[in-house]
Amino acid sequence: MRYLIALVLVFLCRAGWAQDWEDRQVFNQASASTTLRIISSTDTSLFSPLIEAFVAANPDVAIEYLVTGTADIDRRVRKMPEAFDIAVSSAMDLQLKLTNDGFALALENVSHPAWAQWRQSLFAFTSEPAAIVINRTFFDEQPIPQSRQELIEALRARPEIFRNRVGTYDVRQSGLGYLFATQDARASETFWRLMEVMGSLDVRLYCCSGEMIDDLTDGTIAVAYNVLGSYAQARAESQDILEIVLPADFPTTMMRTAFVSRASPEPEASERFIRHLVAYQSSPIDGAQSLPPLQGKGQGAEHATIALEPALMTFLDTLKRTNFLSEWENALIQN
Amino acid sequence: MHSPAVSGSLRNRLVLTLIGGAVVLALLFFFAVRNFAVQVAQQGQDNILEASVTSMLDAAAIRGGEVELDLPYSAFSMLSTPADDRVFYAILRDGEFQSGYEDLTFTESLPDKRPTFESSQLRGEAVRQISASRTLVGADKRTEIQIVLAQTQDALSETLDRISRNAALLGVGFFALAAVLSFWASSATIGQLGRLATSVTRRGPQDLSPFKQPVPQEMAPLVTSLNSLMGRLDHSLSQSEDFIAEAAHRVRTPLATVRSYAEATLQRVDKEENREAMRSMVKAIDESSRAAGQLLDHAMITFRADHLVPEAIDLVDLVHDLVLRLTPVAEMKDLSLSLQGDPSVPYSGDPILIQNAVRNLIDNAMKYGPAESSIEITVSALPGPRITICDHGPGFLSHEIETLTTRFQRGANSKDTIGSGLGLTIAQDVATAHGGRIDLSNQPKGGACVTLSL
C-alpha cells in the first residue's frame with residue numbers, strides 16, 4: 001500500500017514536472033551512467049546537434065534537455081539550484097545576476113576570451129542580433145525599412161495597413177524581450193518613439209520569438225520588432241516571404257550564455273559539456289551548427305554586443321524595473 | 001714554521017655583516033612596497049565605489065511627492081574589473097529596504113554624513129563596502145535615501161599579488177646585488193692585507209729595508225710597526241755580523257803568529273811523538289784560520305751581495321786562475337785539480353764573489369777528498385752557466401742532501417760550528433745574489449758533486 005502511494009506520488013510528480021516544460025527531451029538515455037540536466041531557453045531543434053555531438057564523444061553521459069522561458073529559468077534556478085547542472089539562457093542580465101549572486105560554479109579549465117565570459121563562470125557562446133522581421137507581402141511597392149527611423153516612417157505612412165499587424169515581445173513576460181528593450185532604450189530615444197507608434201497601431205505582444213514568427217509567416221502580422229535573429233533565420237531560409245532586417249542605426253546583439261550550477265551533482269561532466277559547447281561554437285564546422293557562432297571582437301560586432309558586466313544588473317533592480325515597465329506600458333498600451 | 005693561532009675570519013665577518021644588512025633591507029623594501037601598494041589599491045577601489053554610489057544618489061529625486069531612484073547604467077558599469085568582481089547593493093529609504101540585496105546593512109556615520117568604508121565578509125567572500133546617504137527635501141517632508149554598495153576584492157588581490165611578485169623579485173635582485181657587492185668589497189679590503197703579506201713573503205732573505213708602497217690608512221700602523229721591527233732586526237743583524245768579522249780578523253793575525261812559531265818548533269823537535277803533537281797543532285791552527293777566513297769571506301759576501309755590481313767576465317779564466325793558485329795547496333795534500341768543460345763561458349757577475357764561492361767549494365772538496373785522488377772542476381755554458389766541483393770522498397749522506405740545502409739559511413747555520421756548512425752557505429749566498437742556486441748530488445762511483453748554477 002505504502003509502495004503504491006509512493007508510486008502514485010512519484011508518477012504525479014513526474015507528470016507535473018513534465019507538464020511544466022515547453023519541451024523535454026532525453027539524449028543517450030540507454031548507455032549512460034551519469035545524467036546532466038540542462039535547463040534552457042533555446043528550442044530543442046536548435047540545440048540538439050550540439051548535444052548529439054557531445055554524447056557521441058561522451059557516451060557515458062546522458063542529457064536531459066528542459067526548455068522553458070528565460071524568466072522561468074531564473075526563478076527555478078534560484079529556487080532549486082541543485083536540480084539543474086547547467087543553465088542556458090538568452091537573457092544575459094538574468095544569467096549575470098545569477099552568477100553575481102553565487103549560483104554559478106567557476107570552471108578553471110575553460111579557456112575563453114575575457115569579453116565572452118564573466119568570473120570564469122558564465123560563458124557566452126553565440127552572437128545573435130535583434131532583428132526587424134518583415135512579411136514582404138505587405139511591402140509590395142514600398143521600400144523595406146532598414147532602420148528604426150525608417151520603420152517609424154513606414155508605419156506612420158500606412159496606419160490602416162499596419163493597425164493590429166505589428167508585433168513585439170511582451171517585456172513583462174520575456175526576459176530576452178526586456179533585455180533588448182532596455183538596451184534599445186539606453187541607446188536611443190528612437191526606441192520610445194517607435195514604441196509610441198507601435199502602441200498607436202494596437203501592437204500585438206508575444207511571449208516568445210517562435211509564435212511571433214508563426215504569425216508573421218501566415219500574415220497575421222506584417223512587422224515584428226526585436227525578434228531573435230537566429231529564430232527568424234531558421235524560418236527565412238525555407239520561406240522567402242520573410243525579410244530579416246538588422247537595424248542600420250544601432251544593432252543590438254545578444255550573446256547566449258551558459259553556466260554550471262554551483263550545486264550541480266555532476267560538476268566534472270558539466271565542465272566537460274561547457275568546454276564542448278564553447279569549442280563547438282568558436283570553431284565553426286561548416287554548416288554543422290544550427291546556432292550562430294560566437295563572433296569575435298574586431299568583426300564590427302563589439303560596439304553592438306551587449307557587454308557582460310555588472311551594469312546588466314541595473315535594469316533588474318526592482319525600482320528601476322518598475323519605472324521602466326510603467327514607462328513602456330505608457331508608451332505601448334494606449335487603449 | 002709555526003703557524004699563528006687563528007680566531008675567525010675578517011673576510012667572513014665582513015661578508016656576513018654586509019649580507020645580513022642586505023637581507024634586512026630587502027625584507028624592509030618588500031614589506032614597504034607591499035604595504036604602500038595595499039594602500040594605493042584600496043584607495044583606488046574606494047574612489048570608484050564612492051563615485052558609483054554618488055552617481056546613484058544623484059539619480060534620486062522627488063517627483064510629484066514620490067521618491068524616485070532611477071539607477072544610472074554607468075553606476076554599475078564603472079565597477080567592471082578585469083577579475084569580474086561581484087557587486088552587491090541595497091537601496092534603503094529612511095532605513096527601510098527598497099531594492100537590491102537585503103543581506104547588506106547600512107552603516108551610519110552620524111557626525112559628518114561622509115560615506116563610510118568597511119571591509120567585511122559577504123556570502124563567504126571578502127568585500128569592500130561603502131555606505132552613503134542623501135537627504136531629499138520635498139514640499140512637506142524630508143526623506144533620506146541610503147545606499148550600501150559592496151564589491152568583492154578579486155581584482156585588488158590580483159593586482160596586489162602581481163605587485164608583491166614584482167617587489168619580491170626586486171627584493172631578491174637587490175639582495176643578490178648587495179651580496180655580490182659585499183663579496184667584492186670584502187675581497188678588495190682583505191686583498192690589501194693579502195698583498196702586504198705577499199710582498200713580505202717575496203722579499204729576499206737579506207732584504208730588511210722598510211716597506212715603501214702606499215697602503216690604506218687603516219693598515220699604516222701595521223706597516224709602521226713592521227718597518228720598525230725590521231729596522232731593529234737589520235740593525236742587530238749587521239751588528240752581529242760586524243762583531244763576527246771583527247772577531248775573525250782579530251783571531252787570524254795571532255793565529256798566523258802561533259802557526260809560524262809552531263812550524264819553527266817542529267823543525268827543532270826530534271822526538272817523534274812530540275813532532276806528531278806539533279803537526280796536529282799546526283793542523284788545528286790551519287782549521288781555525290780557515291774558519292776565520294770563511295767568516296770574513298761571509299761578511300764580505302753579505303756586503304757585496306747587497307750591493308751587487310756585475311761586470312763581464314769569463315768563468316773559465318776565473319776558475320783557471322783559481323786552480324793555478326790552489327794547485328800548490330792541493331799538492332801538499334797529494335791531490336790533483338783538473339779543469340774540464342767549455343773553452344770559454346762568458347758571464348756577467350761579480351768576479352770576487354764567484355771566485356770566493358768556487359774557492360770555498362774546492363776547499364771543501366780538498367777537505368773530504370782522499371789522498372792520491374783528483375778533484376774535477378767542470379765549467380759549462382749549457383743549459384746555463386754552471387761550475388761543477390766533484391771529489392772522490394765519501395759523498396753526502398743521502399738524508400743530508402735534502403736538509404743541507406735548507407740549512408743554508410741565515411740563522412740556521414748559527415747552530416753549525418765550523419765546516420762544510422759555512423762554505424756551502426757562502427756558495428749559496430753567492431748563487432742567490434746572482435739569481436742562481438746550489439745543487440748537491442753524489443756520483444754513482446762515489447764522491448760528492450756540488451753544482452753552482454748562475
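Only heavy atoms go into these numbers, but all of them, side chains included; no hydrogens, no water, no symmetry mates. All chains are named by letter (A, B, ...) in the order of the sequence lines, taking the proteins before the strands, and each is independently numbered beginning at 1. Note that this is a predicted model, so its numbers are computed, not measured.
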So which residues of residues 86-96 of chain B are in contact with chain A at a heavy-atom cut-off of under 4.5 Å?
R86(B), V87(B), F88(B), Y89(B), I91(B)

Are E309(A) and L79(B) side-chain neighbours, meaning at least one heavy-atom pair lies under 4.5 Å?
no

Over 12 non-hydrogen atoms of neighbours within 6.0 angstrom of CZ in F29(B):
yes

Can you tell me which portion of T81(B) sits under 4.5 Å from chain A's heavy atoms? Options are side chain, backbone, both or neither.
neither

Ordered numerically, the heavy-atom neighbours of chain A under 4.5 Å found in residues 70-77 of chain B are D70(B), L71(B), P72(B), Y73(B), F76(B), S77(B)

Using heavy-atom distances under 4.5 Å, tell me whether L312(A) contacts chain B through its side chain, its backbone, both, or neither.
both

Top contributor to chain B interface from K320(A), Q117(A), M313(A) [non-hydrogen pairs under 4.5 Å]:
K320(A)

Working for side chain to side chain contact (heavy atoms under 4.5 Å, CB included), residues R119(A) and T152(B):
CA-CA 11 Å; R119(A) 290 189 67 78; T152(B) 55; 4.1 Å; yes

So which atom in D85(B) and which in W118(A) form the shortest heavy-atom distance, rounded to 0.1 Å?
O-CZ2, 3.5 Å

Options L96(A), N323(A), D101(A), T99(A), ranked by heavy-atom pairs under 4.5 Å with chain B, top entry:
D101(A)

Counting only heavy atoms closer than 4.5 Å, note whether F324(A) contacts chain B via side chain, backbone, both or neither.
neither

Greater than 12 external heavy atoms within 6.0 Å of F97(B)'s CZ:
yes

Contact leader toward chain A among G124(B), S99(B), A59(B), P82(B), where contacts are heavy-atom pairs under 4.5 Å:
S99(B)

Between G100(B) and D317(A), what is the shortest heavy-atom contact and its length?
N-OD1, 4.0 Å

